[in-house]
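Down below is the structure, laid out as structure tokens.
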Amino acid sequence: MKNKNIVKPSETEIARYVQMWYSEENKNYIEQESALKKLFLITYPNNIDLDDVLIKVCSLNDFYSTHIFSPFAVAKHIISLDIDRKIKQGDLGIVNKIAMVKMNGVQKNFYSFATKYCSHHYPNLYPIYDSYVGKILLHFKKEDSFCEFGKIDLKEYTKFKNILLSFRTFYNLEIFTLKDIDRYLWLAGKEHFRKTY
């Protein structure tokens, strides 16, 4: 990974990115998040009915381009895990269980999707992982050694959340929620590590 001139995290820097999240430039993300919030928290808050779960899986898959080619299989898998009590209690282990879906005899790992699914039920308990978040965290690990972890640790959800908590503490960002940190990491990661085609 190249060394990039990325401003170190600070209260000012995080606040700038949080404000950027709500800018006109990100209006489509804001509207999508608003629709998903209504879907997950008001319309279909539970995960026991196949129709309810299927519409949530399809919506997340579409908005976030999570590349789930069989939403029905994922929805059935989620129902089989009986997740409602677990996610309400903040059970971090449920994320990796949701992620591992068997399709046509092959085990698939939809980890990023699973973090998003849980986060949309409880945004401040379950931060979202995606490749941009991973890249920016690895960058700051290299720059400041804020926490000891490897790339593989980011894909084990309990470790991932502990890495984020260490990040928040190391840079004295406790005034921000995990959702704020989440948005900062995604926007900064997207800005500095965007793929070029």
Side-chain angles (χ1 to χ4, degrees), residues 1-38 40-41 60 63-66 87-95 111-196:
M1 191 180 300
K2 291 183 200 168
N3 191 355
K4 293 175 177 271
N5 294 320
I6 302 173
V7 176
K8 285 197 188 300
S10 65
E11 287 187 16
T12 305
E13 190 67 358
I14 305 308
R16 184 172 76 83
Y17 275 92
V18 170
Q19 186 176 7
M20 190 188 304
W21 171 261
Y22 292 102
S23 69
E24 187 65 27
E25 182 182 330
N26 289 313
K27 187 170 178 162
N28 59 328
Y29 296 125
I30 296 166
E31 295 300 329
Q32 285 179 0
E33 288 295 308
S34 177
L36 289 171
K37 184 176 182 181
K38 183 176 181 182
F40 276 75
L41 302 181
L60 273 184
F63 285 169
Y64 283 102
S65 302
T66 55
I87 60 170
K88 188 175 185 179
Q89 292 172 344
D91 178 349
L92 302 180
I94 199 64
V95 175
Y111 178 68
S112 182
F113 165 83
T115 69
K116 293 171 173 80
Y117 195 85
C118 291
S119 183
H120 279 85
H121 285 95
Y122 295 96
N124 284 310
L125 289 178
Y126 296 95
I128 292 174
Y129 171 85
D130 82 352
S131 61
Y132 291 136
V133 171
K135 286 176 182 173
I136 198 95
L137 286 170
L138 287 165
H139 167 79
F140 285 121
K141 176 205 168 193
K142 183 178 176 189
E143 292 294 304
D144 298 326
S145 301
F146 74 88
C147 178
E148 272 306 309
F149 66 93
K151 188 175 182 180
I152 196 166
D153 295 322
L154 296 169
K155 298 286 184 85
E156 202 286 293
Y157 196 73
T158 300
K159 290 179 183 176
F160 170 65
K161 185 171 180 182
N162 285 332
I163 291 164
L164 284 187
L165 292 171
S166 296
F167 175 88
R168 187 168 69 172
T169 301
F170 182 88
Y171 293 106
N172 298 309
L173 303 171
E174 285 88 351
I175 66 163
F176 296 101
T177 65
L178 278 178
K179 192 65 186 171
D180 293 332
I181 300 293
D182 197 11
R183 286 175 175 157
Y184 156 73
L185 290 168
W186 185 76
L187 285 170
K190 184 172 170 230
E191 179 181 333
H192 295 289
F193 296 99
R194 185 190 293 268
K195 293 176 185 170
T196 52

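Every value quoted in this text rests on a predicted model; they were computed, and no experiment measured them.
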Can you see whether Y171 engages E13 through a side-chain donor-acceptor pair at a distance of less than 3.5 angstrom?
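There is no such pair between these side chains.
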Any chance the side chains of S112 and K116 put a donor and an acceptor closer than 3.5 Å?
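Yes, K116 and S112 have a side-chain donor paired with an acceptor closer than 3.5 Å.
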Take the angle between the ring planes of Y129 and F160 and call it parallel below 30°, perpendicular above 60°, tilted in between.
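The arrangement is perpendicular - the two ring planes meet at more than 60°.
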Using 30° and 60° as the class boundaries, would you call the ring planes of H120 and F40 parallel, tilted or perpendicular?
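It falls in the tilted class, 30° to 60°.
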Determine, step by step, whether K179 and R183 satisfy the side-chain contact (heavy atoms from CB on, under 4.5 Å) criterion, reporting the C-alpha distance in whole Å, the side-chain angles of both residues, the deciding distance to 0.1 Å, and the verdict.
CA-CA 6 Å; K179 192 65 186 171; R183 286 175 175 157; 3.8 Å; yes
What are the two closest heavy atoms between [X] and [Y], and how far apart are they?
X	Y	value
L125	L92	O-CD2, 4.2 Å
K190	Y29	NZ-OH, 3.3 Å
Y184	V7	OH-O, 4.2 Å
F140	K8	CE2-CA, 4.1 Å
Y122	I87	CD1-O, 3.7 Å
L173	P9	CD1-CB, 4.1 Å

Okay, side chain of S34, backbone of I30: is any donor-acceptor separation there less than 3.5 Å?
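No, S34 side chain to I30 backbone: no donor-acceptor pair under 3.5 Å.
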Is a side-chain donor or acceptor of Y126 paired with a backbone partner of D91 at a separation under 3.5 angstrom?
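The answer is yes, because a donor-acceptor pair under 3.5 Å joins these two groups.
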Among all residues two or more places apart in sequence or in another chain, which pass the salt bridge (Lys or Arg N to Asp or Glu O under 4.0 Å) test with E33?
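With neighbours one apart ignored, the set is empty.
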Pair up each side-chain donor or acceptor in residues 147-156 with any protein partner under 3.5 Å, not counting sequence neighbours, and list the distances.
{"from": "D153", "atom 1": "OD2", "to": "G150", "atom 2": "N", "distance (Å)": "2.8"}
{"from": "E156", "atom 1": "OE1", "to": "K159", "atom 2": "N", "distance (Å)": "3.4"}

To the nearest 0.5 Å, tell me how far [X] [atom1] sits from [Y] [atom2].
X	Y	atom1	atom2	value
D182	N124	CG	CG	9.5 Å
F193	Y132	CZ	OH	11.0 Å
K27	E31	NZ	CD	5.5 Å
I128	I181	CD1	CD1	14.0 Å
L187	H192	CG	NE2	10.5 Å
L138	E143	CG	CD	12.0 Å

Could you walk me through whether F146 and I163 pass the side-chain contact (heavy atoms from CB on, under 4.5 Å) test, one step at a time?
CA-CA 9 Å; F146 74 88; I163 291 164; 4.0 Å; yes
Apply side-chain contact (heavy atoms from CB on, under 4.5 Å) to residues L137 and L185 and explain how you reach the verdict.
CA-CA 8 Å; L137 286 170; L185 290 168; 4.1 Å; yes
F170 and F167: ring pair (Phe, Tyr, Trp, His ring centres under 6.0 Å), yes or no, with the steps?
CA-CA 5 Å; F170 182 88; F167 175 88; 8.5 Å; no
Under a 4.5 Å cut-off applied to non-hydrogen side-chain atoms, are M20 and R16 in contact?
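M20 vs R16: side chains touch.
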State, with a plain yes or no, whether a side-chain heavy atom of L165 is found less than 4.5 Å away from one of L178.
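They are in side-chain contact.
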Neighbour count >12 (heavy atoms, 6.0 Å) for atom CD, E174:
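Yes - once you tally the heavy atoms of other residues, nucleotides and ligands closer than 6.0 Å, there are more than 12.
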For I6 and E191, what are the C-alpha separation, side-chain angles and deciding distance, and is it a side-chain contact (heavy atoms from CB on, under 4.5 Å)?
CA-CA 10 Å; I6 302 173; E191 179 181 333; over 6 Å; no
